[in-house]
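Only one structure is covered here, and it is reproduced in the block below.
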Amino acid sequence: MPNWGGGNKCGACNKTVYHAEEVQCDGKSFHKCCFLCMVCRKNLDSTTVAIHEDEIYCRSCYGKKYGPKGYGYGQGAGTLNMDRGERLGIRPEESQESRSAASANPSKFAQKFGGTDKCPRCGESVYAAEKVMGAGKAWHKNCFRCAKCGKSLESTTLTEKDGEIYCKACYAKNFGPKGFGFGQGAGALVHA
């Protein structure tokens with residue numbers, strides 16, 4: 001017996017989808033009102049849809065549920081997100097206590113998350129997000145300053161002596177050659 005007036009079945013509600021209200025995605029038909037993210041229920045279109053097996057998601061929810069996780073995969077610059085994905089149906093593999101006990105080898109943890117280097121100025125651990133390399137050592141961004149005048153330094157403006165870093169001007173004043181002909185400018189004479 002022929003199927004009069006029927007159409008494909010909706011991938012979300014399994015009801016008949018007629019041509020005027022049809023949205024096709026990955027070979028399946030959906031009602032326009034059923035073409036929603038499985039998690040946040042936002043309307044989707046061809047540019048915002050992400051498919052996982054038979055489920056459709058917006059790109060944001062798909063990334064939270066199936067995307068890479070860990071250090072460096074935040075939602076933007078300087079973002080710290082404490083969402084572990086419970087509302088998306090993601091179960092944490094282990095609790096924080098067992099995770100810290102499991103990392104008995106601090107060098108593996110430190111290799112993955114940084115913190116093995118100690119800042120020569122303050123003596124605290126330097127993590128990747130705040131690390132500046134200078135004079136062969138890792139420094140905090142805030143500690144990467146001239147030891148005399150406190151001016152912020154860059155790799156091109158620093159000079160190192162005995163484990164301390166200086167701006168070129170302070171280094172020249174304190175450790176540079178002194179005497180006749182080695183003044184601060186043209187014709188300058190320094191009296192001691």
Side-chain angles (χ1 to χ4, degrees), residues 1-119 124-134 138-144 152 154-155:
M1 184 159 171
N3 186 4
W4 299 104
N8 298 324
K9 297 291 182 187
C10 177
C13 69
N14 275 337
K15 293 183 181 173
T16 303
V17 180
Y18 297 100
H19 186 68
E21 58 184 358
E22 182 178 35
V23 176
Q24 288 191 343
C25 176
D26 198 34
K28 295 184 180 133
S29 296
F30 294 88
H31 294 107
K32 285 180 185 175
C33 61
C34 292
F35 197 56
L36 305 170
C37 173
M38 304 282 288
V39 177
C40 67
R41 310 299 292 165
K42 287 182 186 171
N43 285 321
L44 301 173
D45 61 30
S46 62
T47 61
T48 59
V49 69
I51 304 162
H52 185 80
E53 296 171 2
D54 287 337
E55 300 171 335
I56 56 174
Y57 300 93
C58 66
R59 291 195 184 276
S60 176
C61 290
Y62 178 86
K64 287 177 186 172
K65 190 163 184 176
Y66 299 108
K69 293 169 183 56
Y71 180 78
Y73 293 103
Q75 282 86 30
T79 300
L80 181 61
N81 188 352
M82 300 305 287
D83 179 14
R84 294 187 313 205
E86 287 92 358
R87 67 183 183 87
L88 301 174
I90 301 170
R91 301 213 190 326
E93 293 172 11
E94 53 186 328
S95 66
Q96 288 289 74
E97 293 82 25
S98 63
R99 195 175 295 145
S100 62
S103 64
N105 186 354
S107 63
K108 277 189 177 179
F109 177 81
Q111 285 173 354
K112 186 171 183 182
F113 297 106
T116 57
D117 300 320
K118 298 284 184 192
C119 177
E124 306 230 348
S125 293
V126 180
Y127 296 97
E130 57 188 357
K131 186 178 199 177
V132 178
M133 292 299 292
W139 302 75
H140 291 112
K141 287 179 185 174
N142 290 338
C143 295
F144 197 63
S152 198
E154 296 175 9
S155 61

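Values in this document were obtained by computation on a predicted structure and should not be read as measured data.
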For this session: Evaluate the criterion side-chain contact (heavy atoms from CB on, under 4.5 Å) for residue pair Lys9 and Thr16; output intermediate values, then yes/no.
Result: CA-CA 5 Å; Lys9 297 291 182 187; Thr16 303; 3.3 Å; yes
Exercise. Hey, what do you get for CD (Glu22) to CZ (Phe35), rounding to the nearest 0.5 Å?
Worked result: 11.5 Å
Seminar exercise, completed: In terms of heavy-atom contacts, Val49 and Cys25 come closest through CG2-SG, 4.2 Å
Exercise. Which of these, Glu130, Lys118, His140, sits in a side-chain hydrogen bond (donor to acceptor under 3.5 Å, both in side chains) with Ser125?
Worked result: Lys118
For this session: Mind checking the OH-CD1 spacing from Tyr62 to Ile51? Nearest 0.5 Å is all I need.
Result: 9.5 Å
Seminar exercise, completed: Interatomic distance, NZ@Lys28 vs CG@Asn8, rounded to 0.5 Å, equals 12.5 Å
Exercise. If you measure from CZ on Phe30 to CD1 on Ile56, what distance do you get to the nearest 0.5 Å?
Worked result: 4.5 Å
Exercise. With sequence neighbours excluded, what pairs up with Thr48 under the side-chain hydrogen bond (donor to acceptor under 3.5 Å, both in side chains) test?
Worked result: Asp45
For this session: With rounding to the nearest 0.5 Å, note down the distance linking SG in Cys61 to NZ in Lys42.
Result: 6.5 Å
Exercise. Quick one: CE on Met38 to NE2 on His52, what's the gap to the nearest 0.5 Å?
Worked result: 11.0 Å
For this session: Work out which heavy atom in Lys131 is nearest to a heavy atom in Ala138; give both atom names and the distance.
Result: CE-CB, 3.6 Å
Problem set entry | Check: Tyr18 main-chain N/O paired with His31 side-chain donor or acceptor under 3.5 Å | no
Exercise. Does Leu36 have any side-chain contact (heavy atoms from CB on, under 4.5 Å) partners at least two apart in sequence or in another chain, and if so, which?
Worked result: Arg41, Asn43
Seminar exercise, completed: What one should report as the nearest heavy-atom pair of Cys58 and Ala50 is O-CB, 4.4 Å
